[in-house]
2 protein chains.
Amino acid sequence: MADPRRDDRAGGTIEPIGERADRAPLTRDRILRSAVALIDAEGLHQLSMRRLGRELGVEAMALYRYVPSRSDLLDGVVETVVDELYADPEVHLLPQHSWQEYVIRLAHGVRRMALAHPEAFPLVATRPPAAPWVRPPLRSLRWIESFLQGLLSQGFSRADAVHAYRAFSSFLLGHLLLELSALGVDTGPVEEEAHPTPGVELLADYPLLAELAPGLAEFHFDAEFDEALHNLLDRLGPGTGDVPTD
Amino acid sequence: MADPRRDDRAGGTIEPIGERADRAPLTRDRILRSAVALIDAEGLHQLSMRRLGRELGVEAMALYRYVPSRSDLLDGVVETVVDELYADPEVHLLPQHSWQEYVIRLAHGVRRMALAHPEAFPLVATRPPAAPWVRPPLRSLRWIESFLQGLLSQGFSRADAVHAYRAFSSFLLGHLLLELSALGVDTGPVEEEAHPTPGVELLADYPLLAELAPGLAEFHFDAEFDEALHNLLDRLGPGTGDVPTD
DNA sequence: ACCTGAACACCGTTCAAGT
DNA sequence: ACCTGAACACCGTTCAAGT
């Protein structure tokens, strides 16, 4: 709403009318945010350097000043999404009360993150981690550190804490990828149309499936997630470690 | 070792020397087997229509007579890999003794399949299933049918069998993807070099991680897999279902 | 019937050149 | 300093044309 007459004097360098409003300077952060937004809006398969450049009003080549490669871009997207966990008021960096409450809050936070970015979460779950012992989806060193620290502060031995980290990771990975898969998200290396025909005609040869299909089709992901999470909590805890860590 | 003199008579149609030995006629099955071999040998990211054509001594366009699209090719790869389960002598289509033994054999069979095709398994785990209630990695209708049938034959109610199918799926998905991820397989949508620097220098800010890194780096996937599998078996079984399926 | 050549609309990435 | 144009070596896919 700036008064246009301010630049009306002869010879004044007038802001070109055709210029895009989002002509903010290019930064790595702006690029990553734009990439996440593009993935959320149009799916991972729409994210190309050229398309992202277009989204930012710039040629693709300009991005290379801030992002060394497409692969680095994807790593940055993962980091950006995972960092949202720090902003989740329901999730605490360290236990406030019991370790169970801490783990439950963290699990639900990661699930919210997955459901908020269903097209990006597969990247969080599957990009090669920085080190082999970093296990998705809790893949930032800072989170791993505070997860382990948090359990130690609640009386876990080092071995028990490591064991819990492993079990918690595979619990989250399995449940969340299955949930997204059922939502029709392509969690895999290539993008494609969603579920084709539910295949009622294919069920002719499978009488039991034909009978159970309605029950199988009912989703109870909330309940399943909480049930499995509580089963997990029951078998973790101080003094339950049985896998050596030396 | 065939005697070459058999075709030495004048005027005989001699096999052109320059012809490739693998000049077998193109078929869908040959294409799919070649695709699996290429993925196993060079990674998923090397599988392109053009590269696969070259592998088969043919132009990429020729493949389209047998495979409607690259996406269909990937679905075919998944099917080809999953079908290996039928050829695994350790895995039975239906329980021979207890349901526990049946599930254990099946779980280890799927794990062998994942480890035999580490670069292809992510496709098995993550390609959008034919119907939303088909849960990877046990994703063929025939396997789902016999899994459910097998549990019913061992006294499971329909609800318990469905519950077991869901829990078994997320167990396999979580554990096997984590195991492959630790092996440095890119389980995700883009191919890349393996683990970069193990990041010892990055650990400066994370004293607990620095201390526990050696323990974290120790892999006990066999033990972890079996431990989690037995925990799963303990909470399944007839009469334990608590998620409605109607 | 089966395969190819040429073409189209894309990719990621580089580098010299423009401002 | 920051961005672009042109170029290179790729993609998936189509279609008319060759044999």
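In what follows, every chain begins at residue 1, and chains take the letters A, B, ... in the order their sequences are listed.
Rounded to an integer number of Å, the gap from D72(A) CG to dT13(C) C1' is 14 Å. Here the P atom of nucleotide dC2(D) and the CG atom of L56(A) are 16 Å apart, to the nearest Å. Put simply, CD1 on I31(B) is 15 Å from C1' on dG12(D), counting in whole angstrom units. Atom CZ in R54(A) sits about 6 Å away from atom P in dC11(C), given to the nearest Å. The separation between Q46(B) atom CD and dG12(D) atom P is 11 Å, rounded to whole Å. Rounded to an integer number of Å, the gap from R51(A) CZ to dC11(C) C1' is 14 Å. One can place CE of M49(B) at 13 Å from P of dT4(C), the figure rounded to the nearest angstrom. Following rounding to the nearest Å, H45(B) (NE2) and dC11(D) (P) show an atom-to-atom distance of 11 Å.
Proximity note for E59(B) (side chain, C-beta onward) versus dT4(C), dC3(C), dT4(D): the nearest is dT4(C). Taking only side-chain atoms of V58(A), from C-beta outward, the nucleotide of dC11(C), dT13(D), dT4(D) with the closest atom is dT4(D). Taking the side chain of M61(A) as heavy atoms from C-beta on, and the options dT13(D), dC11(D), dT14(C), the nearest nucleotide is dT14(C). The L26(B) side chain lies nearest to dC3(C) when the options are dT13(C), dC3(C), dC11(C). Listed nucleotides dA7(C), dC2(C), dT13(C) differ in distance to R65(B); the shortest reach to its side chain belongs to dC2(C). Which of dC3(C), dG12(C), dC2(D) sits closest to the side chain of Y66(A) comes down to dC2(D). With dG12(D), dT13(C), dC3(D) as the candidates, the nucleotide lying closest to the side chain of Y64(A) is dT13(C).
Two residues, A62(A) and L47(B), neighbour DNA chain D, and the one matched to the more 5' nucleotide by heavy-atom proximity is A62(A).
Between the side chain of R139(B) and the backbone N or O of V134(B), no donor-acceptor pair lies under 3.5 Å. Remark: the backbone N or O of R142(A) is paired with a side-chain donor or acceptor of S146(A) at under 3.5 angstrom. Counting only distance, with no hydrogens or angles, the side chain of R30(A) and the backbone of P25(A) share a donor-acceptor pair below 3.5 Å.
Between R54(B) and E42(B), no side-chain nitrogen of the basic residue sits less than 4.0 Å from a carboxylate oxygen of the acidic one, so the salt-bridge criterion is not met.
Of all nucleotides present, none satisfies the Watson-Crick or G-U wobble test against dA9(D) with each distance under 3.5 Å. Searching all strands for a Watson-Crick or G-U wobble partner of dG18(D) with both distances below 3.5 Å returns dC2(C).
In the displayed structure, R51(A) atom CZ is contacted under 6.0 Å by more than 12 heavy atoms of other residues, nucleotides or ligands.
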